[in-house]
Asker: 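The structure follows.
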2 protein chains.
Amino acid sequence: MLWEVLYLKKTRMTNQRLKILEYLRSVKTHPTAETVYEAVKKTLPTITLATVYRNLNHLAETGEINRLLVRGVSHFDADTSCHQHAVCKECGRIIDLHKNTLIQESLKKIRIPGFKPRTVCIMIHGICDKCEINNKKRKEQRKKKKKTGKKKTKRLLRS
Amino acid sequence: MLWEVLYLKKTRMTNQRLKILEYLRSVKTHPTAETVYEAVKKTLPTITLATVYRNLNHLAETGEINRLLVRGVSHFDADTSCHQHAVCKECGRIIDLHKNTLIQESLKKIRIPGFKPRTVCIMIHGICDKCEINNKKRKEQRKKKKKTGKKKTKRLLRS
DNA sequence: TTCCTAATTAATAATCATTATCATTAACTG
DNA sequence: CAGTTAATGATAATGATTATTAATTAGGAA
């Protein structure tokens with residue numbers, strides 16, 4: 001077997017699964033299934049999006065990678081060390097928060113009657129500097145114009 | 001105006017919005033849009049699911065209610081006081097965690113360069129006692145039978 | 001090495017939560 | 001009370017994710 005099996009599952013290391021895992025380990029971002037698909041397709045042109053989803057789910061279940069739900073979409077992270085994330089409400093940018101020892105100490109002390117905690121997901125929602133600057137600019141422009149054409153509509157994904 | 005306006009938005013308190021808010025305030029669960037729809041339909045039979053979604057989004061944006069993403073689906077909570085949630089990976093049960101003062105103290109101390117935190121979402125994933133007992137039972141049954149008919153398939157929603 | 005079997009794949013259809021569109025209605029402002 | 005515009009109802013569309021199925025293949029056993 002080419003990797004560390006965490007659970008005693010009858011699991012096969014396929015080329016597809018390997019490439020997906022290698023890709024995830026090579027990046028510091030938190031790609032979506034779609035992004036992983038686009039990347040892996042370069043070396044495995046016949047791979048399908050469904051296969052990527054299946055493997056990401058499999059890898060997440062065995063604990064090989066982490067899933068984080070951001071604005072209704074799954075993002076994946078091969079860094080399974082304990083860390084938290086900040087997400088910009090405007091652009092969806094994800095920021096890694098390592099070394100929050102204070103939080104991590106608190107989390108160790110959590111006890112919930114009738115419940116066995118496994119993983120803790122901390123998501124800090126806010127606004128990144130870029131978006132805050134953009135917002136200010138837009139506000140000022142709105143003051144000047146007051147009435148222009150239609151607004152563009154786009155699908156909004158909520159946090 | 002029938003309610004407290006948090007933002008200076010030109011907002012109208014419609015019967016639909018009011019009933020949705022009243023329903024959310026009357027329950028201690030964390031209903032989905034669908035559940036809210038089914039409940040409110042009893043007093044407003046012509047209301048549509050789209051209207052429920054529109055209002056839940058509106059109420060969440062103004063801070064009147066909270067949204068929590070659980071296994072890919074939005075749940076809503078009229079209790080906006082600072083508290084956290086535990087979610088069972090198996091059944092999706094949501095447990096309120098009040099009085100985690102240790103965590104809350106830690107959260108106040110978070111500082112992220114280039115980022116303005118607004119809200120913090122803590123989700124503890126694990127397994128509730130009911131599901132753990134069920135899992136044990138299923139395992140034992142599998143040992144006895146070893147081979148039966150097909151498994152039922154159902155759409156899985158991931159955490 | 002070769003064979004066997006179940007895990008996995010590619011291709012594609014289906015699902016389902018959520019949002020967009022738009023003509024119509026109704027809440028608030030003056 | 002009238003004008004404006006936010007909000008609604010009805011419905012279609014979107015998009016992320018999962019199900020289905022016949023064909024393939026990884027990896028243990030012979």
Asker: Tell me: CG of B/Leu18 to P of C/dA27, nearest whole Å?
Answerer: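 Roughly 11 Å, once rounded to whole Å.
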Asker: Any ring-ring contact (aromatic ring centres under 6.0 Å, His included) involving residues 100-122 of chain A? Give me the pairs, sequence neighbours left out, ordered by first then second residue.
Answerer: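 Checked against ring-ring contact (aromatic ring centres under 6.0 Å, His included) - neighbours excluded - no pair reaches residues 100-122 of chain A.
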Asker: Return the set of residues passing side chain to side chain contact (heavy atoms under 4.5 Å, CB included) with B/Asp77 (not counting sequence neighbours), or none when no residue passes.
Answerer: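 B/Asp77 satisfies side chain to side chain contact (heavy atoms under 4.5 Å, CB included) with B/His30, B/Asn66, B/Leu68, B/Asp79, B/His83, B/His85, B/Asp96 once adjacent residues are dropped.
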Asker: Out of curiosity, A/Asn15 CG to A/Glu22 CD, how far, rounded to the nearest 0.5 Å?
Answerer: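 It comes to 8.5 Å.
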Asker: Any idea which of C/dA7, C/dC28, C/dA10 is nearest the A/Lys10 side chain?
Answerer: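 Ranking C/dA7, C/dC28, C/dA10 by closest atom to the A/Lys10 side chain puts C/dA7 first.
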Asker: Using the test side chain to side chain contact (heavy atoms under 4.5 Å, CB included), find all partners of A/Ala39 that sit at least two apart in sequence or belong to another chain.
Answerer: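 Partners of A/Ala39 by the side chain to side chain contact (heavy atoms under 4.5 Å, CB included) criterion, ordered by chain and then number, come out as A/Tyr23.
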Asker: From the options C/dT18, D/dT8, D/dG27, select the nucleotide whose nearest atom is closest to the side chain of B/Val73.
Answerer: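 Nearest listed nucleotide: C/dT18.
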Asker: Could you work out which one of C/dT9, C/dT5, D/dA6 sits closest to the side chain of A/Arg12?
Answerer: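 My answer, after comparing the listed nucleotides, is C/dT5.
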Asker: Calculate the interatomic distance between A/His58 atom NE2 and C/dT8 atom C1'; express it in whole Å.
Answerer: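 The answer, rounded to whole Å, is 10 Å.
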Asker: Roughly, in whole Å, what's the span from CZ in A/Arg71 to P in D/dA16?
Answerer: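 Between P of D/dA16 and CZ of A/Arg71: 12 Å.
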Asker: What residues, two or more places apart in sequence or in another chain, satisfy side-chain hydrogen bond (donor to acceptor under 3.5 Å, both in side chains) together with B/Lys130?
Answerer: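 With neighbours one apart ignored, the set is empty.
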Asker: Taking atom P of C/dT9 as reference, at what distance in whole Å does atom NZ of A/Lys19 sit?
Answerer: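 One finds 13 Å between P of C/dT9 and NZ of A/Lys19, rounded.
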Asker: Should A/Arg67 and A/Glu61 count as an ion pair when the cut-off is N to O under 4.0 Å?
Answerer: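 Result for this pair is no, no salt bridge flagged.
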Asker: What protein N or O atoms touch nucleotides 22-25 of chain C N or O atoms at under 3.5 angstrom, if any, and at what distances?
Answerer:
none

Asker: So does B/Arg17 reach the base of D/dA7 with its side chain, donor to acceptor, closer than 3.5 Å?
Answerer: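 Side chain to base: no pair present.
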Asker: May I ask you to verify if any side-chain N or O of A/Tyr53 is less than 4.0 angstrom from the OP1 or OP2 atom of D/dT17?
Answerer: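 Result: yes.
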Asker: Output all residues satisfying side chain to side chain contact (heavy atoms under 4.5 Å, CB included) with B/Leu49, sequence neighbours left out; order by chain, then residue number.
Answerer: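 B/Leu49 satisfies side chain to side chain contact (heavy atoms under 4.5 Å, CB included) with B/Glu34, B/Tyr37, B/Tyr53 only.
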Asker: Does a side-chain N or O from A/Asn57 land closer than 4.0 Å to OP1 or OP2 of D/dT18, or not?
Answerer: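 So the side chain of A/Asn57 is within the cut-off, an N or O lying under 4.0 Å from OP1 or OP2 of D/dT18.
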Asker: Please state whether the phosphate of D/dT25, meaning OP1 or OP2, lies under 4.0 angstrom from any side-chain nitrogen or oxygen of A/Gln16.
Answerer: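 False: A/Gln16 side-chain N/O out of range (4.0 Å or more) of D/dT25 OP1/OP2.
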Asker: Expressed in angstrom and rounded to an integer, what is the separation of B/Asn55 atom CG from C/dT19 atom P?
Answerer: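 So the two atoms are 13 Å apart, to the nearest Å.
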Asker: Let's see if you get this right: which residues in residues 27-47 of chain A place a heavy atom under 4.0 Å from DNA chain C?
Answerer: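 Residues of residues 27-47 of chain A that come under 4.0 Å of DNA chain C are, in numerical order, A/Thr46, A/Ile47.
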Asker: For residues 36-53 of chain A, which residue pairs pass the salt bridge (charged side-chain N to carboxylate O under 4.0 Å, His left out) check, not counting sequence neighbours?
Answerer: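 Qualifying pairs: A/Glu38-A/Lys41.
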Asker: If each of B/Thr14 and A/Ala50 is mapped to the nucleotide of DNA chain C with the nearest heavy atom, which maps nearer the 5' terminus, i.e. the 5' end?
Answerer: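 Looking at the nearest nucleotide for each, A/Ala50 comes out on the 5' side.
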Asker: With respect to the side chain of A/Leu49, which nucleotide from C/dT19, C/dC28, D/dT17 is positioned closest?
Answerer: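 Per side-chain heavy atoms of A/Leu49, the pick is D/dT17.
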Asker: Counting only side-chain N and O atoms of A/Ser74, is one of them less than 4.0 Å from OP1 or OP2 of D/dT17?
Answerer: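 Yes.
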Asker: Distance check: side-chain N/O of A/Asn15 vs OP1/OP2 of D/dT25, anything under 4.0 Å?
Answerer: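 No, A/Asn15 has no side-chain N/O under 4.0 Å of OP1/OP2 on D/dT25.
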Asker: Hey, does A/Arg93 have a side-chain heavy atom less than 4.5 Å from the side chain of A/Ile95?
Answerer: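 Contact flag for A/Ile95/A/Arg93 side chains = yes.
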Asker: So, using ring-ring contact (aromatic ring centres under 6.0 Å, His included) as the criterion, who are the partners of B/His75 when residues are at least two apart?
Answerer: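 In terms of ring-ring contact (aromatic ring centres under 6.0 Å, His included), with neighbours along the sequence ignored, B/His75 is linked to no residue.
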Asker: If the test is side chain to side chain donor-acceptor pair (under 3.5 Å), which one of A/His58, A/Arg17, A/Arg25 qualifies with A/Glu64?
Answerer: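 Per the side chain to side chain donor-acceptor pair (under 3.5 Å) rule, the option paired with A/Glu64 is A/Arg25, out of A/His58, A/Arg17, A/Arg25.
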Asker: Taking only N and O in the side chain of B/Thr48, is any of them less than 4.0 Å away from OP1 or OP2 of D/dT8?
Answerer: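 So the side-chain polar atoms of B/Thr48 never come under 4.0 Å of the phosphate oxygens OP1 or OP2 of D/dT8.
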Asker: So for the helix from C/dT1-D/dA30 to C/dG30-D/dC1, with five pairs setting each end axis, what is the inter-axis angle to 10°?
Answerer: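 About 50°, once rounded to a multiple of 10°.
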Asker: Can you name the residues that form a side chain to side chain contact (heavy atoms under 4.5 Å, CB included) with A/Glu90, not counting sequence neighbours?
Answerer: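 Side chain to side chain contact (heavy atoms under 4.5 Å, CB included) list for A/Glu90, sorted by chain: A/Cys88, A/Ile127, A/Cys131, A/Asn135.
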Asker: Return the set of residues passing side-chain hydrogen bond (donor to acceptor under 3.5 Å, both in side chains) with A/Thr80 (not counting sequence neighbours), or none when no residue passes.
Answerer: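 For A/Thr80, no residue satisfies side-chain hydrogen bond (donor to acceptor under 3.5 Å, both in side chains) once neighbours in sequence are set aside.
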Asker: Taking the minimum atom-to-atom distance to the side chain of B/Met13, which one of D/dA26, D/dT18, C/dC28 wins?
Answerer: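 Out of D/dA26, D/dT18, C/dC28, the nucleotide with an atom closest to B/Met13's side chain is C/dC28.
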